[in-house]
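Below, all heavy atoms of this structure are taken into account, side chains as well, without hydrogens, waters or symmetry copies. Chain A is the first sequence line, chain B the second, and so forth, proteins listed ahead of strands; every chain is numbered from 1.
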Amino acid sequence: MDVTVLGRAACSRVRHDGGTPSAPAAQRQGRPLYALVDCNSFYVSCERVFRPDLVRRPVVVLSNNDGCIIARSAEAKALGIPMGAPWFKVRRHAESAGVTVFSSNYALYGDMSSRVMRVLERFCPDVHVYSIDEAFMRLDSLIMPPGMSPERYAACLRREVYRRTGIPVSVGLGCTKTLAKLANRLSKQQNAGARAMVPAAFRYAGVFNFGAVTDPDVMDALLETLDVTDVWGVGARHAGRLRTWGIRTARALRDAPDDRVRRYMSVTGLHTVLELRGISCLPLDDAPPSRRSVVSSRSFGTLVTHKEHMLEAVTAYMTRAAEKLRREQLEAHCVGVMISTPRHGDGPRYADSAQVQLAVPTSHTPQLIVRARALLESIWRDGYRYQKAGVMLSGLESAVSRQVSMLPALQGTGRGLERGRRLMAAADAVNARFGRGTLEYAAAGLGRPWSMKQEHLSPRYTSDWKKLPLVR
DNA sequence: TCTGGGGTCCTAGGACCC
DNA sequence: TCTGGGGTCCTAGGACCC
């Protein structure tokens, strides 16, 4: 059975209210079918893979510097621990309730993420990795085996991801990306009531397909259960304005007047509304344009008052940013540095940034470090307690197809340039083989009193053999 | 004491050009 | 006396995402 047939038949029942003409029949032919695969409480799930004793127990993961909560297990949510809450405010409550806490371990999460994505790619060639824990897929081009519905296919995929990685995922399906995102929300456990509206034959755990909803009244009822902020692209600001128009649910937003949406939420908002009506506006985006900037910035573990320490931090951040640049075979035309004191609290505030254009783009770490340190000298002011610094590389272009300068003097001698590239490649190879930070720049400091707080860091189970727990 | 980090897109307005 | 129209580029600010 071809999935396109199923997807089209189901999706064409989506109502088109609100004055917009429905898509012409010709356009409806070959409607897309999107899946959104989302890892459940991803960071928590990653920690649990190596700590099975934490399954069914409350767990949270903190942001960099152990600042605020960025992931919670279902049990932690049930305890009323809010997302994004500053850790110092909820710490007592959480600890007394027996919550296990982790500092974020991006080496682990990044590695687990790529394992999950590799499994998805075995199921479908059209995968677009949207974030560390989410991916869109286009299923309409697949030729399904006989008797295989999209729901069932998604359920198989879900089982396979869990079997191969230990990460539980949820899958939402719909004829637009926005509907697939919403379907994903309905696929989660806490929406069992809404899922029950779908005929049992289309029901699979952890999967929800809007395409299986053929009754417009049921569709209305389902969208009515979803808050307008559940819709992808509607944040707190827009939700506030929408509330003043009496729009509180996904259903009401779908039926909102186009001109008003266009005026106050720009074309982006209009796309969202059209997508809710089943008119696809956002492509899969499988080959996204290359990035425009690289930023590396961090808050300090303790406030910085010495310029020496700030210079070390800027050096360390630039080292990371340049590595990222080279990994993507890019070079930068422009270097920027920013520093700031805390946003909260009542100490004297200061923030500034500076940028410089380079005559010749580069990804050579020592050159970039020299520029960044000079920029810092220009914006540094004594007497402040700094909380954060960052570096930015922009004006990016491909290192492989770079335009050659007309001025040989600026281009650098061919041999020197080549030597620099080889040196960077060798340093990157060593760090890839033996772990980040094996080769470092002395200017980044040794003591690093400014480095971020990570009091609850788990081992790098998947990227360091020595950290793998022994199987007894 | 203690509130993350890294991106994208859109719009309005100004400068400038022909 | 009379003061166009259309285009590009840049920047700042706002909004969103995970």
> Ring centres of Phe136(A) and Trp232(A) under 6.0 Å apart?
Replying inline: yes

> Between Tyr264(A) and Trp245(A), is the gap from one ring center to the other below 6.0 Å?
Replying inline: yes

>> Can you work out whether Asn64(A) or Ser266(A) has the more 5'-proximal nearest nucleotide on DNA chain B?
In response: Asn64(A)

>> I'd like to know whether CD of Gln329(A) has more than 12 heavy-atom contacts from other residues, nucleotides or ligands below 6.0 angstrom.
In response: no

Give a yes/no on whether any side-chain N or O of [X] is located under 4.0 angstrom from OP1 or OP2 of [N].
| X | N | result |
| --- | --- | --- |
| Ser299(A) | dG5(B) | yes |
| Arg298(A) | dG6(B) | yes |
| Lys388(A) | dG6(B) | no |
| Gln387(A) | dC2(B) | no |
| Arg263(A) | dT11(B) | no |
| Lys89(A) | dT1(B) | no |
| Arg343(A) | dG4(B) | yes |

>> At 4.0 Å (heavy atoms only), tell me whether Ser104(A) reaches a base, stays on the sugar-phosphate, or touches nothing.
In response: nothing

> Within the structure shown, what part of the strands sits under 4.0 Å from Arg292(A) by heavy-atom distance: base, sugar-phosphate, or nothing?
Replying inline: sugar-phosphate

Side chain of [X], heavy atoms from C-beta onward: which of [options] has the nearest atom to it?
| X | options | result |
| --- | --- | --- |
| Val267(A) | dT11(B), dT8(B), dC18(C) | dT11(B) |
| Ile70(A) | dC2(B), dG4(B), dC18(C) | dG4(B) |
| Lys324(A) | dG4(B), dG7(B), dC17(C) | dG7(B) |
| Ser297(A) | dG5(B), dC17(C), dT3(B) | dG5(B) |
| Ser296(A) | dC17(C), dG4(B), dG6(B) | dG6(B) |

From [atom1] of [X] over to [atom2] of [N], roughly how many Å is that when rounded to an integer?
| X | N | atom1 | atom2 | value |
| --- | --- | --- | --- | --- |
| Tyr264(A) | dT11(B) | OH | P | 15 Å |
| Tyr130(A) | dC18(C) | OH | P | 5 Å |
| Asp66(A) | dG4(B) | CG | P | 12 Å |
| Met265(A) | dC16(C) | CE | P | 8 Å |
| Gln355(A) | dC10(C) | CD | P | 13 Å |
| Arg262(A) | dA12(B) | CZ | P | 8 Å |

Tell me whether the rings of [X] and [Y] are parallel (<30°), tilted (30 to 60°) or perpendicular (>60°).
| X | Y | answer |
| --- | --- | --- |
| Tyr384(A) | Tyr350(A) | parallel |
| Phe300(A) | Tyr317(A) | parallel |
| Phe50(A) | Tyr461(A) | parallel |

>> Return the pairing partner of dC18(B) with a 3.5 Å limit on both distances, Watson-Crick or G-U wobble; otherwise return none.
In response: dG5(C)

>> Donor-acceptor check, side chain of Tyr34(A) to backbone of Leu179(A), threshold 3.5 angstrom: yes or no?
In response: no

> When you measure from every atom of DNA chain C, which of residues 225-237 of chain A have a heavy atom less than 4.0 Å away?
Replying inline: Val231(A), Trp232(A), Gly233(A), Val234(A), Gly235(A), Ala236(A), Arg237(A)

>> Which heavy atom of Ala85(A) sits nearest to which heavy atom of Val90(A), and what is that distance?
In response: CB-CG1, 3.9 Å

>> Can you check the distance between dG4(C) and dC16(B), where both ends of the measurement are the C1' atom (answer in whole Å)?
In response: 16 Å

